[in-house]
Amino acid sequence: MSFPQQRPRRLRRTAALRRLVAEHRLAVDDLIAPLFVKEGIDHPEPVVSMPGVMQHTHESLRKEVRALADLGIPAVVLFGIPAHKDAHGSSADAPDGVVQVALRNLRDEIGDGLVLIVDNCLDEYTDHGHCGIVRGDGSVDNDATIDRYASIAVAQADAGADVIAPSGMMDGQVARIREALDSTSHVEVPILAYAAKYASALYGPFRDAAECAPSFGDRRSYQMDPANTREAAVEVALDVAEGADMLMVKPALAYLDVIAAVRAAHPQPLAAYHVSGEYAMVHAAAQAGWIDGQAVMLEHLVSIKRAGADVILTYAARAAAEMLGA
Ligand code: PBG
């Protein structure tokens with residue numbers, strides 16, 4: 001008895017057949033563009049380690065967000081670089097702080113046509129560059145820090161943020177922010193939790209862009225050890241229990257197993273952050289003429305979807321949308 005020969009190549013013969021059987025697709029709808037806005041500059045300043053990325057003025061930010069909306073990109077995530085930094089990051093929750101001003105401007109520009117996500121953390125606002133309140137011995141005070149995050153979240157929601165995204169990896173931050181939002185008439189503002197965020201060396205270019213490299217020590221006492229996956233399960237389950245509406249794994253490519261595990265365990269929408277170093281590496285290799293940068297970028301982004309992410313925060317959002325829309 002003979003069986004028909006299995007020939008998987010039958011379904012790869014033409015581009016149309018391949019398109020028909022594609023299991024995952026990268027779409028403009030999947031993309032979230034991270035954007036930087038800096039206080040006190042007259043012209044946008046390019047970030048050298050991230051080709052195509054700018055520190056925006058309020059005016060250039062407005063234009064960029066308009067262009068992204070016109071391309072069909074559904075969301076941006078905002079990071080602010082204040083003119084003044086201090087130990088408590090006091091401009092982070094000031095009503096006239098750089099991100100709050102940007103949120104009001106953008107709401108004005110775009111209405112409800114695009115989702116305004118805002119990063120909630122302290123590192124861009126503190127003079128020491130840590131994501132929290134630092135004690136005399138250099139350690140980060142968890143509970144004092146989440147009180148600050150709560151106050152920042154309320155200022156961000158007051159300024160019109162659609163989604164608050166806490167990235168500091170403090171224990172209990174989601175519950176504390178939820179409580180603060182609920183008690184200030186922001187019950188409808190969702191939380192996108194940076195649930196499993198690793199202490200990664202891939203954040204280097206971001207720290208240039210956001211001017212937030214820690215002035216001493218590192219972030220390993222709050223961000224996760226790259227060696228751990230079960231710990232990610234603990235972190236994510238806690239954020240879900242605390243009321244996270246959406247989840248995030250960060251970085252993306254070196255953590256595709258974590259993305260797949262979170263996808264399998266939780267029904268909430270799942271984001272992956274394709275971080276600055278992941279973006280910079282592709283550009284650097286492409287500039288050297290060693291890889292086709294556009295092709296590698298799209299391959300990386302679809303692999304993040306294949307692992308199970310619903311949406312991707314990526315500095316390649318605009319370029320990818322232009323390629324996908326063409
Ligand atoms: C912290 C924050 C960081 C990133 C996003 N939010 C920096 C850090 O944790 O050191 C990094 C993102 C990237 O590398 O693209 N506010």
Side-chain angles (χ1 to χ4, degrees), residues 31-38 47-55 76-82 85 89 91-93 97-99 117-134 140 145-146 148-149 152-153 156 161 163-170 173 177 191-226 235 248-255 271-284 297 300-301 304 311-318:
L31 302 169
I32 301 174
L35 298 172
F36 302 96
V37 57
K38 183 170 175 173
V47 180
V48 175
S49 52
M50 299 170 75
V53 175
M54 301 280 174
Q55 292 179 323
V76 298
V77 57
L78 297 180
F79 296 91
I81 305 136
K85 302 192 186 212
S91 56
D93 52 343
V98 59
V99 155
I117 306 173
V118 64
D119 188 80
N120 176 297
C121 200
L122 276 167
D123 57 330
E124 297 105 42
Y125 300 91
T126 52
D127 49 11
H128 46 66
H130 277 286
C131 298
I133 301 302
V134 175
V140 171
T145 299
I146 63 175
R148 294 287 299 126
Y149 292 172
I152 296 165
Q156 293 171 331
V163 179
I164 310 292
S167 68
M169 291 300 285
M170 297 297 139
Q173 64 186 16
I177 288 170
I191 296 175
L192 163 58
Y194 284 68
K197 174 173 173 178
Y198 288 86
S200 174
L202 290 160
Y203 305 151
F206 173 95
R207 292 176 190 171
D208 297 339
E211 302 177 9
C212 66
S215 60
F216 65 89
D218 55 43
R219 305 208 202 288
R220 285 175 222 236
S221 79
Y222 38 104
Q223 299 178 352
M224 288 173 52
D225 184 340
E235 283 283 1
M248 193 199 300
V249 172
K250 176 187 173 183
L253 294 171
Y255 301 87
Y273 201 143
H274 175 244
V275 302
S276 58
E278 303 181 80
Y279 175 84
M281 289 193 293
V282 174
H283 274 278
M297 204 69 93
H300 280 177
L301 295 177
I304 295 166
V311 288
I312 307 170
L313 293 84
T314 177
Y315 303 96
R318 182 170 180 163

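Note that the structure is predicted; figures quoted are calculated from it, not measured. Numbering of ligands and ligand atoms starts at 1, following listing order.
- Between the side chains of Tyr222 and His130, a donor-acceptor pair is found at a separation under 3.5 Å.
- Salt-bridge check for Lys38 with Glu211: passed, with a basic side-chain N closer than 4.0 Å to an acidic carboxylate O.
- Near ligand 1, residues Phe79, Asp119, Cys121, Asp123, Glu124, Ser167, Lys197, Leu202, Tyr203, Phe206, Arg207, Arg219, Gln223, Lys250, Tyr273, Val275, Ser276, Tyr315 each place a heavy atom inside the 4.0 Å sphere around the ligand atoms.
- In this structure, a donor-acceptor pair under 3.5 Å is present between the side chains of Tyr194 and Asp119.
- Ala33 meets the side chain to side chain contact (heavy atoms under 4.5 Å, CB included) test with Leu68, Val76, Ala317; sequence neighbours excluded.
- Ring geometry, Phe79 versus Phe206: the interplanar angle exceeds 60°, so the pair is classed perpendicular (tilted spans 30 to 60°).
- Within the cation-pi definition used here (under 6.0 Å to the ring centroid, within 45° of the axis), Lys197 qualifies as a partner of Tyr203.
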